[in-house]
Amino acid sequence: MKFTSAAVAALGLVSSVSAAAFKKRAATDPIVVKGSKFFHKNSGEQFFMNGVAYQTDLSLVDASDLPAGQQFVDPLTDIEACKRDVPLLEALHTNLIRVYAIDTTKSQDACMKLLQDAGIYVIADLSEPGLSINRDAPAWDHHLYERYTAVIDKLQKYDNVMGFFAGNEVTNNKSNTDASPFVKASVRDMKAYIKEKKYREIPVGYATNDDEFVRDQLADYFNCGPAEESVDFWGYNIYSWCGESSLKLSGWDKRTEEYSDYNVPVFFAEYGCNKPYPRKFTEVQALYGDEMTPVFSGGIVYMYFQEANNYGLVKVDKSGKASKLSDYTSLEGQLESVKPKGVKMSSYTPANTEARACPAETENWKASAELPPKPDQPTCECLRSQLSCVPAANLAEKKYADIFGYICGQLGEGGCDGIATDGANGVYGSYSMCDAEIRLGWALTKYYESQNSAASACDFDRQAKVVTPTSLNSTCEKMVDAAGGTAGKALGSTGTKTGGDSKSSDKPNAGSCLTPPAGLSTLVVLVASFLGMGMIML
Ligand SMILES: *[C@@H]1O[C@H](CO)[C@@H](O)[C@H](O)[C@H]1NC(C)=O
Ligand SMILES: *[C@@H]1O[C@H](CO)[C@@H](O)[C@H](O)[C@H]1NC(C)=O
């Protein structure tokens, strides 16, 4: 991406800052959570976010400037853009930006410094379009674990990093509630990682969508159970205030009531309905007004850059020049007159200390409170060394599903439990956290062995090949033992059962992977989890 000097000239567009409702000072005082509110750690003042979503428009980026396969640009690595945009954000009284994809191979230093000096905090999503939990084929594997921890490693050193989103709208309707256990496992593991590394206590939360059939269950689910597993804050993407609406018409009065006893901070992680257009942002008065501020910690307007979806506050042309749109001016006008009333941290005693109960299984909600295991790559490497039939190098990941479906059909119910990813029933194979290649190798090996290691049973049209396992070293021996041997075992709410131990006589018909009557849901989940590999989920 290239910006000409016109980009810098655009700085001239910035008008003088008017009497700011949101007090401006350098964002050097970290944000902490106490009860259901955010506070500045040192000053003890309550923090209401006045945020803007800040995500680079890929249509303005020359794809050849991106590394192969990368589907995003981290706006915090584009110093020229930050120089242009930070003053525009500052003039809008912005005290926080949300960034959706961090590039862990580049430096964020310069932009983070500009933001900090301008009093702007950052909340960052841990995923990126190519590495996120896929709602249609959820898994929590070491590739994702490494991605999420790499973002934390990269950003934890900045005092103006306010928090992390471990997911964004992953479960978005009743058809994919079984993805939520995987997202919650990522919350659990990232919180543990921050502790283990002795980093500053940066909160980890989630950004949910506003689907009427699952929104209540989602809020309960991510909040219930042990605190080590639950979210530190709850972000809510909501677009129900459109035009000249009201608390009542938009349903924001009900949302406020629903969250009034939530025991962690809640805020709007995206808001700003754009029908009708242009936006007047009358909702700003409500969001920072007396009804909502006791419950909500402000919100993040979607979004800074004008794109095809017409949510922009600022338009950037091909040459990199920025100009304010009428939405910018309207939002600025609304924000000028609000003054959210907060409390001091020292005088605040949280009234809501109880976590919500985990939601019951219903027609609309199927997600077990039992979470999948923490990814453990050393164990997966040990397993890899024990495989005797593995995917051939030329086998594309998107073809895994066919082989996988066939094999798990052949092995029958329980046959693939060692790699199960069944979030609805809370059954997870001890090797479910290994990557797709190792998991397929596990299935291929199991099938090959079930056929007395006949060469024809490890071929699949030359998509699989025989390899010689190495002998287990003592470290591996312990790890594989703990995982239930090379067969693995199913962990989870049904108790621990061994992988090959089929409870049912409902074996699928030979040669068919589509007819298993029992264990079908697990199989479908498994097959889907391969079909969905590499899908985009943001
Ligand atoms: C649920 O969301 C997915 C992904 O956005 C979509 O493909 C599907 O049609 C939706 N299903 C229902 C029942 O709304
Ligand atoms: C044990 O074997 C595994 C798998 O081959 C390997 O990754 C690991 O480095 C080995 N550990 C030791 C201590 O040799």
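One-based numbering, in listed order, for ligands and for the atoms of each.
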Undergrad: Extract all N/O-N/O pairs under 3.5 Å that connect ligand 2 to the protein, and present each with both atom names and the distance rounded to 0.1 Å.
TA:
{"from": "ligand 2", "atom 1": "2 (O)", "to": "Asn473", "atom 2": "ND2", "distance (Å)": "2.4"}
{"from": "ligand 2", "atom 1": "11 (N)", "to": "Asn473", "atom 2": "ND2", "distance (Å)": "2.9"}
{"from": "ligand 2", "atom 1": "14 (O)", "to": "Asn473", "atom 2": "ND2", "distance (Å)": "3.1"}

Undergrad: So Ser175 and Asn173, side-chain hydrogen bond (donor to acceptor under 3.5 Å, both in side chains) or not? Walk me through it.
TA: CA-CA 5 Å; Ser175 78; Asn173 63 41; 2.6 Å; yes
Undergrad: One thing to verify: whether Glu270 and Arg98 come together as a salt bridge, which I'm taking to mean a side-chain N less than 4.0 angstrom from a carboxylate O.
TA: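 Looking at Glu270 together with Arg98, the answer is yes, because their closest N to O distance falls below 4.0 Å.
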Undergrad: So, Thr208 versus Trp234: side-chain donor-acceptor pair below 3.5 Å or not?
TA: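 No - no donor-acceptor pair under 3.5 Å links their side chains.
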Undergrad: Taking the side chain as every heavy atom from C-beta outward, state whether Met303 and Tyr100 have any pair of such atoms under 4.5 Å apart.
TA: no
Undergrad: Show me which atoms of ligand 1 lie under 4.0 Å from any heavy atom of Ser175.
TA: 1 (C), 11 (N)
Undergrad: Under 4.0 Å, heavy-atom basis, I'd like to know which part of Asn172 is in contact with ligand 1: side chain, backbone, both or neither.
TA: side chain
Undergrad: Please tell me whether Phe213 and Trp365 form a close aromatic pair, meaning their ring centres lie under 6.0 Å apart.
TA: no
Undergrad: For the 3.5 Å polar cut-off, considering only N or O atoms, please tell me whether Lys174 and ligand 1 meet it.
TA: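 So ligand 1 has no N or O lying under 3.5 Å from an N or O of Lys174.
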Undergrad: Centre-to-centre under 6.0 Å for Phe460 and Tyr448, is that the case here?
TA: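 That pair fails the under 6.0 Å test.
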Undergrad: State whether Lys374 and Asp189 are salt-bridged, where the test is any N-O pair (Lys NZ or Arg NE/NH1/NH2 against Asp/Glu carboxylate O) under 4.0 Å.
TA: no
